[in-house]
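Structure first, commentary second.
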Amino acid sequence: MTDEPTSNFIRDIIDEDLAAGTHTQIVTRFPPEPNGYLHIGHAFAIKVSHGIARDYKGLFYLRFDDTNPAKEEDEYVQAIKADVQWLGADWGDNLFFTSDYFDKLYEWAIHLINEGLAYVDDLTPEEMRTYRGTLTEPGKNSPYRDRPIKESLDLFQRMKSGEFDEGERVLRAKIDMANPNLNLRDPVLYRILHASHHRTGDKWKIYPSYDFAHGQSDAIEGITHSLCSLEFEFHRPLYNWFIENLPVPSKPRQIEFARLNIEYVITSKRKLLQLVTEGHVRGWDDPRMPTVSGLRRRGYTPEAINEFCHRAGVAKRERVNEYSLLEYCLRQDLEERAFRRMAVLDPVKVVIENFPEDEVEYFEGPNHPAKPELGARKVALTKEIYIERSDFMEDPPKKFFRLGPGREVRLRYACYITCTDFTKNEQGEITEIRATFDPESRGGSTPDGRRVKGTIHWVSATRNTPFEARIYEQLFTKANPEDVEEGQTFVDNLNPNSESIITAYGEPKLSEAKVSERFQFERKGYFAVDPDTNAEKFVFNQAVSLRDSWGKKQKKG
RNA sequence: GGCCUCGUGGUGUAAUGGUAGCACUAAGGAUUCUGAUUCCUUCUGUCGGGGUUCGAAUCCCUGCGAGGCUACCA
């Protein structure tokens, strides 16, 4: 894995800060809102912040940004912790919650009111919108903007004690209603929410907004570089305004970077949730989902995901990565570590005519071709076997290195067979292939040293492990799932063939596989044991296929 | 319409005033009991136009293009 730090604009800024003596130790954080599951985009954000903390020998914190009790749940907190941990981003003892700072934040709100920098506003949400102005027109001051400090103090206190209904009043910063940056047009600091919070219960009736909570939380924790995505760029002046106008213990710096986007993938919590609730996928951890839990179930390793995030790099402009890079990272990792097994996904029977009826002959195959130290397993050869339907052609072209009438191939690890005959049904499908084996070729070569170009995988028709294979394609048919006709949504771009379930046969040893264990099915792809596996059936998910230059050539014609 | 940010091969990223490099993809070849892996080779790039400079991807101006911003979400 190439995991050396790469030069990027954030590291440049940090280098400068370090050189200028602004900081001696770097502290970063990942601040998820516990209102959904983490996806690959979050994995990228984690990688950026955690990677920097690690490379600069600094600290990495995990902080749940839980300022909206209406949306957040403890269930998500637990799932997110598990995902972050699985990804290898260790926060040590530094697990925090913005809700830990509610008292401090309240105190600071009072401070602002006392300074004449905040006021309680009685405008309705609709009125506020009108008063705010537009992108091109300045807003105008609320009639409550200059109410006496004392009055705001009293009202704010009563908001806190639950005297008012939701939406009745808010606390606003007094900044500049004409500022071209809308975030500075007297942003809301506190709103009334009579919802029960997953950690503070019913203690609070008012909750701080993201803007009022985030920077101050960073400051409390001593975060030096608060890394976030591009859309917060416009919030930075406000972020700094709070830091400058409040007696905060440290001065964090917000730096924005571009989110990670991938072709054929959606990374929007809202839309992912929609896929789940509308039943387009079986759940958050459906192997087709780009969630951390979905990728994990699919067979992805944290190493592969981290490598992908590393290779995607950090940038300041929106970009879309090719899906092939993700696949490359997984293959690269699994090529190294996955044990090899044989499995036939689309079987056709071969009868070896000169093989004794009830005999079983065992051959040995290494678990990993480049690592003999990982041992070997035995595969059973019998008179009747299955081979891949695509490994036989009735009338093959010259370059087809597999089985065809009169042609000889090697059964991997076992022996050579030559096709003598075959039968078809009315639909023209091959129903059975007949062949003879060369007893001299046992072990995979013959004394005469003749060359056999093709080697195919196979499984005994009587000694095998049947299983359900789930084969995946992209969840969406378009590289940009949002590319839709008028009146359609991304849901219309769902790929109806994103999952196909087939019955397959694996070599006997596969019966010992454990849930989430990953294998390379030789010549086919990498597969992981799905948690749906039980005493009755084995389920394997195809994580990614092997590269297939032959298949590609075929497609081109 | 306003403000902000950003434009480097097909894609993603380096080069911070001094030979435009790397990776993925694609194409070709070598090796191979996986048409896998590995190894080698090749293709393609600084958005346009001015300017500063001995020298510009880099600095300045301008045009063009892309993205973001009008929640009591984060």
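Residue numbers begin at 1 in each chain, while the letters A, B, ... track the order of the sequences.
No hydrogens or angles were tested; on distance alone, a donor-acceptor pair under 3.5 Å links the side chain of A:His235 to the base of B:rA74. For A:Arg402 and B:rG35, a side-chain-to-base donor-acceptor distance below 3.5 Å is present, hydrogens and geometry of angles not being considered.
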Exercise for review: Step by step, work out the ring-ring contact (aromatic ring centres under 6.0 Å, His included) result for A:Tyr386 and A:Tyr505.
Suggested key: CA-CA 8 Å; A:Tyr386 291 129; A:Tyr505 299 91; 4.7 Å; yes
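Judged by ring centres under 5.5 Å apart and planes tilted less than 30 degrees, A:Trp550 stacks against the six-membered base ring of B:rG35. Residue-nucleotide stacking is present for A:Phe401 and B:rG35, judged by a side-chain ring centre under 5.5 Å from the six-membered base ring centre and planes under 30° apart.
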Review point. In dot-bracket, 5' to 3', how would RNA chain B read with Watson-Crick or G-U wobble pairs under 3.5 Å, [ ] for crossing ones and | for pairs to another strand?
Key: .((((((..((((....[..)))).(((((.......)))))....(((((..]....))))))))))).....
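Listed by chain and residue number, A:Ile175, A:Pro187, A:Leu189, A:Trp241 satisfy the side chain to side chain contact (heavy atoms under 4.5 Å, CB included) test with A:Ala173 (two or more places apart in sequence, or in another chain). For A:Phe401, there are no ring-ring contact (aromatic ring centres under 6.0 Å, His included) partners two or more places apart in sequence or in a different chain. Partners of A:Arg412 under the salt bridge (Lys or Arg N to Asp or Glu O under 4.0 Å) rule, at least two apart in sequence or in another chain, are A:Glu522. In this view, A:Glu163 and A:Arg158 satisfy the salt bridge (Lys or Arg N to Asp or Glu O under 4.0 Å) rule, not counting sequence neighbours. For A:Glu408, the salt bridge (Lys or Arg N to Asp or Glu O under 4.0 Å) partners are A:Arg450, not counting sequence neighbours. Taking the side chain to side chain contact (heavy atoms under 4.5 Å, CB included) definition, one finds that A:Asn181 meets it with A:Asn179, A:Asn183, A:Leu184, A:Phe234, A:Pro237, sequence neighbours left out. Partners of A:Phe97 according to the ring-ring contact (aromatic ring centres under 6.0 Å, His included) rule, which considers only residues two or more places apart in sequence or in another chain, are A:Phe64. Partners of A:Glu166 by salt bridge (Lys or Arg N to Asp or Glu O under 4.0 Å), not counting sequence neighbours: none found.
The side chain of A:Arg270 contributes no N or O atom lying less than 4.0 Å from OP1 or OP2 of B:rC73. Under 4.0 angstrom from either OP1 or OP2 of B:rA71 there lies at least one side-chain N or O belonging to A:Arg132. The side chain of A:Arg191 contributes an N or O atom lying less than 4.0 Å from OP1 or OP2 of B:rA74.
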Could you list the protein-to-nucleotides 10-12 of chain B atom pairs, N/O on both sides, closer than 3.5 Å?
from, atom 1, to, atom 2, distance (Å)
B:rG10, N2, A:Glu322, OE1, 3.0
B:rG10, N2, A:Glu322, OE2, 3.3
B:rU11, O4', A:Glu322, OE2, 3.1
B:rU11, O3', A:Val320, O, 3.4
B:rU11, O2', A:Val320, O, 3.4
B:rG12, OP1, A:Val320, N, 3.4
B:rG12, O2', A:Ala312, O, 2.7
B:rG12, O2', A:Asn321, OD1, 3.4

Can you name the atoms? Protein N/O to nucleotides 42-46 of chain B N/O, anything below 3.5 Å, with the distance.
none

Which pairs would a plain distance check flag for residues 322-331 of chain A, meaning a side-chain donor or acceptor within less than 3.5 Å of a matching protein atom at least two apart in sequence or in another chain?
from, atom 1, to, atom 2, distance (Å)
A:Tyr328, OH, A:Gln332, OE1, 3.3
A:Arg331, NE, A:Ser545, O, 2.7
A:Arg331, NH2, A:Ser545, O, 3.2

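Among B:rU16, B:rU25, B:rC3, the nucleotide with an atom closest to any side-chain atom of A:Tyr328 is B:rU25.
B:rC6 and B:rU58 are spaced 15 Å apart, taking the C1' atom of each and rounding to whole Å. Nucleotides B:rG45 and B:rG12 are separated by 13 Å at their C1' atoms, to the nearest Å.
The aromatic ring centroids of A:Tyr61 and A:Phe96 lie less than 6.0 Å from each other.
Each of A:Ser441 and A:Thr136 has a nearest nucleotide on RNA chain B; the 5'-most of these lies closest to A:Thr136.
Salt bridge status for A:Lys371 with A:Glu336: present, with a side-chain N to carboxylate O gap under 4.0 Å.
Counting non-hydrogen atoms under 4.0 angstrom, A:Tyr413 reaches a base of the nucleic acid.
B:rC72 atom C1' lies 14 Å from atom CG of A:Asp186, rounded to whole Å. The CD-P distance, from A:Glu507 to B:rU34, rounds to 16 Å in whole Å.
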